[in-house]
Amino acid sequence: MEKLKTLFKSKADALAGEIKDIIKEHGTKKIGEVQLAQIYQGMRGITGMVYETSLLDAQDGIRFRGHAIADLQKKLPHADGGHEPLPEGIFYLMLTGELPTKADVAELSKDWAARAQNTPAHVFKAIDALPINTHPMTQYVVGVMALQTESIFAKKYAAGVNKKDYWSIMFDDSMNLIARLPVIAAYVYKRKYKGGGTVSVDPALDWSANFAKMIGYDKPGFTDLMRLYFTIHADHEGGNVSAHTTHLVGSALSDAYLSYAAGMNGLAGPLHGLANQEVIKWIFEMQKSLGSEQPTGEQIAAYVQKTLSEGKVVPGYGHAVLRKTDPRFTAQQEFAKKYMPNDPLVQTVWKIYETVPPILQSLGKIKNPWPNVDAHSGALLTHYGMKDYEYYTVLFGVSRALGVLAALCWSRALGFPLERPKSVTTENVKAWLKGVDTIWD
Ligand code: HAX
């Protein structure tokens, strides 16, 4: 992978120079202003960090280095016989800003398969120490944390390393970690749902095909679904909980393992990545409660009202930034239209899509009534037989590694400092409102 590493470094050096000049010339210019409500309400809309790998537009959705998902489905290399982009390609794109060739992507597949060999036994032992009913996300994060013994960054930092070399050891750690994540994820799956067993990587397969094979899902279509899934969940600019957490923890010079594990703990929250399990759970509960596999629009509407009246959210709907249907939802809907248009669960997801937005809109307080990425994925996985919905967020987590670790390489290469925003107390705020000098003035 020397070629990719060298290409990344050349891009990073060029950008680091530009950033230096930008700060020197324009560093005192203001970007927006912060309103009091924003600091109480989750810092929505405050531009507060630089994150190179992707950018989210409220109307158009995510752009990976300027490319929309629908374009990338055509522009990124596919596996022989496959119809969806290989996630290796989106990693290459996020890391370098360049679209990879088929050969670039094949090289990455081979490199990751090689790095994934001989995952240390203590990683599996650490997972095995947990009760079997432990949530798969917890088992996954414990596996990642156990693998931290392999961090080159941590070892070299302890021995004393020049800060100019941080990028290189962050790159090596990121590549090793990404390579082994499907192994950890597959081990957790087999342990929890298939009575256990070892997992091993086939050097001839790509990252997604290896994962599908390790978990025992070799049905036609599932591997391609994994390629699409791992591509579209990879990144969503820097402010979302998993990306921001990884970035924040990494800013303390925590290594890739520590930083990514922290991000995964954020992904495991129900308002973020866990929403994919919540969606399918909610649909199964609705079907059970109504005694119907394919409820009508009226039945769904009544169930949505019941959910809202119980003080719960409708999972899979709404977004902190997006104000339109998530293009990641649309990409999955297109996949379903092509391969499983008559699946009753898929049709129910589409019926929910017709029914929910007007109801949420009518409440008058929800800024985005449209579906997000999590509204569709469970129906696709269930179609291929994967009904173990508590596992779904692990799949999201494997994919998210591509974005947050590419971004972490950028943060170290650009020498981004420790992140440390200012906080205030309500006492401060009240004093400030009365015109008293406060510590932030
Ligand atoms: N169902 C019911 N109420 C909702 C709602 C939904 N789907 N989405 C937003 N609201 C409510 C909020 O809870 C909030 O209510 P209160 O004022 O009573 O606190 C109000 O509408 C305003 O919220 P908002 O400004 O529109 O949305 P936020 O930026 O605060 O929150 C969330 C964004 C994604 C957290 C929110 O839409 C939500 O809870 N959605 C359901 C959970 C979900 O699908 N999460 C996954 C999001 C995508 C993602 O990260 N995937 O990993």
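First listed ligand is number 1; within each ligand, the first listed atom is number 1. Only heavy atoms go into these numbers, but all of them, side chains included; no hydrogens, no water, no symmetry mates.
The aromatic ring centres of Phe211 and Tyr217 sit 6.0 Å or more apart. Residues Phe329 and Tyr353 place their aromatic rings such that the two centres sit under 6.0 Å apart.
In this structure Lys367 satisfies the salt bridge (charged side-chain N to carboxylate O under 4.0 Å, His left out) test with no other residue, sequence neighbours excluded. Residues meeting the ring-ring contact (aromatic ring centres under 6.0 Å, His included) test with Tyr317, sequence neighbours left out: none. The ring-ring contact (aromatic ring centres under 6.0 Å, His included) check on Tyr166 picks up Phe153, with sequence neighbours excluded.
Proximity of a side-chain donor or acceptor of Ser254 to a complementary backbone N or O of Gly250 within less than 3.5 Å is not detected.
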Contact table, ligand 1 N/O with protein N/O, distance under 3.5 Å:
residue, atom, partner, partner atom, Å
ligand 1, 1 (N), Val314, N, 2.9
ligand 1, 7 (N), Val314, O, 2.9
ligand 1, 7 (N), Tyr317, O, 2.8
ligand 1, 15 (O), Lys365, NZ, 3.3
ligand 1, 18 (O), Lys365, NZ, 2.8
ligand 1, 25 (O), Lys367, NZ, 2.7
ligand 1, 26 (O), Lys367, N, 2.8
ligand 1, 29 (O), Arg44, NE, 3.0
ligand 1, 29 (O), Arg44, NH2, 3.1
ligand 1, 30 (O), Arg44, NH2, 3.2
ligand 1, 40 (N), Tyr317, O, 2.8
ligand 1, 44 (O), Gly316, N, 2.8
ligand 1, 44 (O), Asn372, ND2, 3.0
ligand 1, 45 (N), Leu271, O, 2.9
ligand 1, 50 (O), His272, ND1, 2.8
ligand 1, 51 (N), Asp374, OD2, 2.7
ligand 1, 52 (O), His272, O, 3.2
ligand 1, 52 (O), His272, ND1, 3.2
ligand 1, 52 (O), Gly273, N, 3.4
ligand 1, 52 (O), Asp374, OD2, 3.1

